[in-house]
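Below you'll find the structure, written out as structure tokens, and then a few comments.
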2 protein chains.
Amino acid sequence: METINTRRLSTRDIAYEYIKGQIINGDLVPDSPIIEDQVAKELSISRTPLREALQRLEFEGLISRQTNGRLKVSTISVHEVNEIFQVRSLLEGLLAREATLKASENDIKELRTFTKLIVEASLLDNRKDVVRYGSMFHNYLYSISNNQTAVKILLQLNDKISRYRRIGPIRDSMRSKTAAEEHQDLFNLIEKRDAIAVEDAMKLHINNSLKSAVKSIEEYIAQREEMEE
Amino acid sequence: METINTRRLSTRDIAYEYIKGQIINGDLVPDSPIIEDQVAKELSISRTPLREALQRLEFEGLISRQTNGRLKVSTISVHEVNEIFQVRSLLEGLLAREATLKASENDIKELRTFTKLIVEASLLDNRKDVVRYGSMFHNYLYSISNNQTAVKILLQLNDKISRYRRIGPIRDSMRSKTAAEEHQDLFNLIEKRDAIAVEDAMKLHINNSLKSAVKSIEEYIAQREEMEE
DNA sequence: AAAAGAATAATTGTATACAATTATTCATAT
DNA sequence: ATATGAATAATTGTATACAATTATTCTTTT
């Protein structure tokens, strides 16, 4: 008989997923203090596995330790966003190139579907779906790229910026449209198996989204400063 | 009065540094099992901080968890070395380019010193020193590059491969010589402030060292298989 | 009132005890 | 002898207790 390896989720992992979710979806805002005892009670678990979960989040940069030893939810600076996008640009380019070389006919079909969904969502001005299907497109490339080292890094970086991906009103409507076009271009080049061109196009695509991300974060920061007064 | 922030090293961090050192210098060979109780007794500490240290090492890829929950010292595969060098090549290129743009006159002077030390060591056929001063050269570039995100990733990747950097006999003598030349070239381009050329030269430099690293690891694996018989 | 210091409280760090899981040994049946 | 299963041992996972550190409050002094 085959036993599927369904390894019960540990207390630590439950805590990790829960807190990470809270940070990414905004329930826990930047600079919020994190008190181990409080969180432990909230989750009805002991501090031991909680601390392990928090340590992991600290490694990944979602929370950070202050000089006095206390933890808080990390903020992000414009400088850091720039750093992250520089790295993302290179690694996404790498993975896109590798994926182009390795993609099967079926992979192409899948990517065509995602591209179609992205374009349709952008025509309906549904920016949330543009982001959603965009992520799927990228993640699919990750999965066929065969470079786990780069993928692991990218997933972490993506977590760090995703919570700032505010879906603003007018400006982002434009970005949605061009992002959709860029995905269409990317797909066409992948289909043509032009790996070098795909790499360049992907790097450009990421760099274009940088500006939008920086604006989001500047708005986020400004908004929070307003609230403090 | 000024108090320097010298924050006593925690038990966890001591354990982390100790075990990491053992893995990197080869006292703990790949695939060695790691039993929490044993290590805790060896270090005369409790399992709580030890587990946190182990978790960090796991995160960094130096140890890995098997499906049964037990930990072991990670092995590295030729495939993974290739992955790592692909990423390193891009990130080292990025940092070298940024460093070239940001380097002060004093930075240039420091780099010149490292370059001289590398070349001298290679002339004396002192490969260990070539590696040592080479690392210093790279680390110095990291420090002036102003991209902490990329630096953090690179330091981790470097840890993963450094323990396989066997200083073999004949072949590596050649590699030392060319590596020294490459550093000299890199320095000349940095001095000329040709950031684009520096990036390309650095990417090439890393890619050249890949072949040598793969050979080291293949030898390492072959050697261990021999011992098993 | 402001500053300094002692006392107290809050929080993190570590050790130990217990629970759950996985591996090993040993007995038994085929 | 080999396979099966129960009993035991080894190991990891979690909770609790205590120690060390940092923050806060309260008193005292100027």
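To find a chain, count down the sequence lines: A is the first, B the second, and so on, and within it residues start at 1.
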Practice problem: Starting from P on C:dT14, measure out to CZ on B:Arg12 and report it in whole angstrom. | Solution: 7 Å
Quiz item: Of all the nucleotides listed (C:dA23, D:dT16, C:dG13), which has the minimum atom distance to the side chain of A:Arg65?
Solution: C:dG13
Quiz prompt | A:Gln38 CD to C:dT11 C1', straight-line distance once rounded to whole Å | solution = 10 Å
Self-check item: Side chain of A:Glu36 - closest among C:dT22, D:dT12, C:dG13
Solution: C:dG13
Self-check item: For atom NZ of A:Lys41 and atom C1' of C:dT12, their distance in whole Å
Solution: 14 Å
Practice problem: Whole angstrom is fine here: how far is it from CG in B:Leu50 over to P in C:dT14? | Solution: 12 Å
Quiz item: Using the ring of each side chain (for Trp, its six-membered ring), is A:His183 parallel, tilted or perpendicular to A:His205, with breaks at 30° and 60°?
Solution: perpendicular
Quiz item: Could you give the CD-to-C1' distance, from A:Gln66 to D:dT21, as a whole number of Å?
Solution: 15 Å
Quiz item: Does a side-chain N or O from B:Ser46 land closer than 4.0 Å to OP1 or OP2 of C:dA15, or not?
Solution: yes
Exercise. Report yes if a side-chain nitrogen or oxygen of A:Arg47 is closer than 4.0 Å to either non-bridging phosphate oxygen (OP1 or OP2) of D:dC18; otherwise report no.
Key: no
Quiz item: According to a strict under-4.0 Å criterion, is B:Arg51 in side-chain N/O contact with OP1 or OP2 of D:dG13?
Solution: yes
Exercise. Assign A:Leu54 to base, sugar-phosphate, or nothing according to its heavy-atom contacts below 4.0 angstrom with the strands shown.
Key: nothing
Quiz item: Quick one: is B:Ser10 getting a side-chain N or O under 4.0 Å of the C:dG13 phosphate, OP1 or OP2?
Solution: no
Practice problem: Please report the C-alpha distance between A:Val131 and A:Arg165 in whole Å, then the side-chain angles of each, then the deciding distance to 0.1 Å, and finally whether the side-chain contact (heavy atoms from CB on, under 4.5 Å) criterion is met. | Solution: CA-CA 9 Å; A:Val131 171; A:Arg165 215 169 259 154; 4.1 Å; yes
Practice problem: Can you tell me the distance, in whole Å, between the CG atom of B:Leu43 and the P atom of C:dT14? | Solution: 13 Å
Quiz item: From the list D:dA15, C:dT14, D:dT14, which nucleotide is the closest neighbour of the side chain of B:Thr11?
Solution: C:dT14
Exercise. Please check the phosphate of D:dA23 (OP1 and OP2 only) for any side-chain N or O of A:Asn68 closer than 4.0 Å.
Key: yes
Practice problem: Would you confirm whether A:Glu83, through its side chain, and B:Gln148, through its main-chain N or O, come within 3.5 Å as a donor-acceptor pair? | Solution: yes
Exercise. To the nearest Å, give me how far apart CD1 (B:Ile45) and C1' (D:dA19) are.
Key: 16 Å
Practice problem: List the steps and the verdict of salt bridge (charged side-chain N to carboxylate O under 4.0 Å, His left out) for A:Glu60 and A:Arg56. | Solution: CA-CA 6 Å; A:Glu60 297 179 352; A:Arg56 180 166 170 199; 3.1 Å; yes
Practice problem: Check whether NZ of the Lys or CZ of the Arg B:Arg88 lies under 6.0 Å from the centre of the six-membered ring of B:Phe85 and within 45 degrees of that ring's axis. | Solution: yes
